[in-house]
Number of protein chains: 2
Amino acid sequence: MSTQEEDETLAEAFWSVSRTLRHRSHESISPLGITPAQARAIGVLRRHGRMRISSLSDHLRIAPRSGTEVVDALQVRGLVLRSPDPDDRRATLVTLSSQGEEIAEAVRKARAAEAEQFFDRLDEADRRELARIIGLLRRPDTQQP
Amino acid sequence: MSTQEEDETLAEAFWSVSRTLRHRSHESISPLGITPAQARAIGVLRRHGRMRISSLSDHLRIAPRSGTEVVDALQVRGLVLRSPDPDDRRATLVTLSSQGEEIAEAVRKARAAEAEQFFDRLDEADRRELARIIGLLRRPDTQQP
DNA sequence: GCCTCATAGTGAGGTAACCTCACTAAATAT
DNA sequence: ATATTTAGTGAGGTTACCTCACTATGAGGC
């Protein structure tokens with residue numbers, strides 16, 4: 001088996017695990033009545049606090065237009081509030097409402113519990129090792145384009 | 001930082017890397033003119049050979065109706081062929097056409113090259129370690145529901 | 001053999017999660 | 001002052017699923 005094939009197999013394994021993780025994560029927040037994309041946005045807002053919609057889109061790595069959409073959906077549900085940016089009249093700020101903060105905390109808890117259950121099959125050393133390796137993979141790609 | 005929080009962070013890191021991998025994988029096959037879902041189906045057919053649409057759906061872990069759809073799309077492009085199952089007149093068999101097999105091989109190559117480039121930042125020991133740990137995570141969940 | 005239930009595939013209709021393009025208004029650079 | 005860039009969003013589109021319902025067929029039980 002060549003290196004390429006090993007790496008493809010590794011990629012497939014990676015994908016398979018991440019798919020399972022994604023599915024379980026989705027189910028863990030489903031009772032809260034929000035979708036995965038909304039949960040992601042809520043997570044960014046919880047960590048970052050008030051921010052521009054464009055910044056939210058950057059964090060989520062989606063198109064600005066899609067950022068608008070997820071904020072729309074959350075606003076309809078009363079989970080976020082929009083306000084004009086005093087520093088730039090083109091821009092809009094978005095922040096979690098108090099209800100949104102409650103949901104955000106519930107999301108965080110549900111996700112954490114699910115993740116703990118998922119990774120529970122690894123011992124402490126393996127978890128640390130996995131975190132280390134994943135950290136390497138997360139670095140900006142040093143390969144030339 | 002509690003164990004739950006560490007695990008949630010690990011899950012997020014996992015998701016972040018898998019998102020990158022997914023995006024790069026998508027780009028690597030984009031020149032072939034097929035979508036990620038189609039590529040997945042092609043991959044299963046390449047490995048498994050002729051099979052029922054229901055089985056394909058099982059392998060892909062999608063609803064049977066969605067299996068029908070991806071086969072429809074591939075059939076329109078001449079990449080798969082449908083035939084009745086001689087053992088069960090309710091069932092339909094699907095297999096790659098010769099053109100489909102060429103595309104399947106191209107997909108495999110593109111993906112492998114991309115995966116090699118992605119994991120190239122890890123040394124051999126880390127790759128093996130990662131594969132070992134991922135293998136643990138891939139096992140059926142031994143936790144009681 | 002007959003009946004009931006399960007299975008296989010698919011038509012119809014739907015949602016979620018993105019995307020691009022185009023536009024207006026505002027900010028920045030020259 | 002003018003040209004270019006930026007921020008948000010309307011309009012329209014694609015992809016990748018999903019559920020429900022239906023027909024035809026197969027399996028199991030009596």
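So you know, we letter chains A, B, ... as the sequences are listed, proteins then strands, and number each from 1.
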- Examine the side chains of R111(A) and S25(A) and answer whether a donor and an acceptor come within less than 3.5 Å of each other. yes
- Query: Can you tell me how far P of dA17(C) sits from CZ of R22(A), to the nearest Å?
  - Reply: 12 Å
- Please list, by residue number, the residues of residues 47-61 of chain B whose heavy atoms come closer than 4.0 Å to an atom of DNA chain C; answer none if no residue qualifies. R52(B), I53(B), S54(B)
- Message: With the threshold set at under 4.0 Å for non-hydrogen atoms, list the residues of residues 27-40 of chain A touching DNA chain C in residue-number order.
- Response: T35(A), P36(A), A37(A), R40(A)
- Item | NZ/NE/NH1/NH2 to OD/OE distance under 4.0 Å, D72(A) and R82(A) | yes
- Query: Within the distance-only criterion (no hydrogens, no angle test), does the side chain of H59(A) pair as donor or acceptor with the backbone N or O of S55(A) below 3.5 angstrom?
  - Reply: yes
- Task: Indicate yes or no: does E105(B) engage R108(B) in a salt bridge with an N to O separation below 4.0 Å.
- Result: yes
- Query: Over how many whole Å does the gap from R65(B) atom CZ to dT23(D) atom P extend?
  - Reply: 16 Å
- Query: Taking atom P of dC18(C) as reference, at what distance in whole Å does atom NE2 of H23(B) sit?
  - Reply: 12 Å
- Message: Please determine whether a side-chain nitrogen of the Lys or Arg among R128(A) and D123(A) lies less than 4.0 Å from a carboxylate oxygen of the Asp or Glu.
- Response: no
- Task: Check A110(B) against S28(B) and note the closest heavy-atom contact, atom names and distance.
- Result: CB-O, 3.4 Å
- Item | Short N-O contact, R24(A) and E27(A), less than 4.0 angstrom | no
- OP1 or OP2 of dT9(D) sitting under 4.0 Å from any side-chain N/O of T68(A)? yes
- Separation of atom CG in D72(A) from atom P in dA16(C), rounded to whole Å: 14 Å
- Message: I'd like to know if E12(B) pairs up with R47(A) as an ion pair, taking the criterion as any Lys NZ or Arg NE/NH1/NH2 lying under 4.0 Å from an Asp or Glu carboxylate oxygen.
- Response: yes
- Which of L56(A), L60(A), V107(A) passes side chain to side chain contact (heavy atoms under 4.5 Å, CB included) with R40(A)? Answer is L60(A)
- Roughly how many Å is it from CG in D85(B) to P in dG9(C), rounded to a whole number? 8 Å
- Query: With respect to the phosphate group of dA17(C), does any side-chain polar atom (N or O) of S66(A) fall under 4.0 Å of OP1 or OP2?
  - Reply: no
- Can a cation-pi geometry be assigned to R121(A) and F118(A), taking NZ or CZ under 6.0 Å from the six-membered ring centre and within 45° of the ring axis? yes
- State, without any angle test, whether R90(A) and S54(A) hold a side-chain donor-acceptor pair at a distance under 3.5 Å. no
- Query: Quick one: what's the B/S/- string for nucleotides 24-30 of chain C, heavy-atom cutoff under 4.0 Å, read 5' to 3'?
  - Reply: -BBS---
- Starting at the 5' end of DNA chain C, which residue's closest nucleotide do you reach first, P64(A) or G67(B)? G67(B)
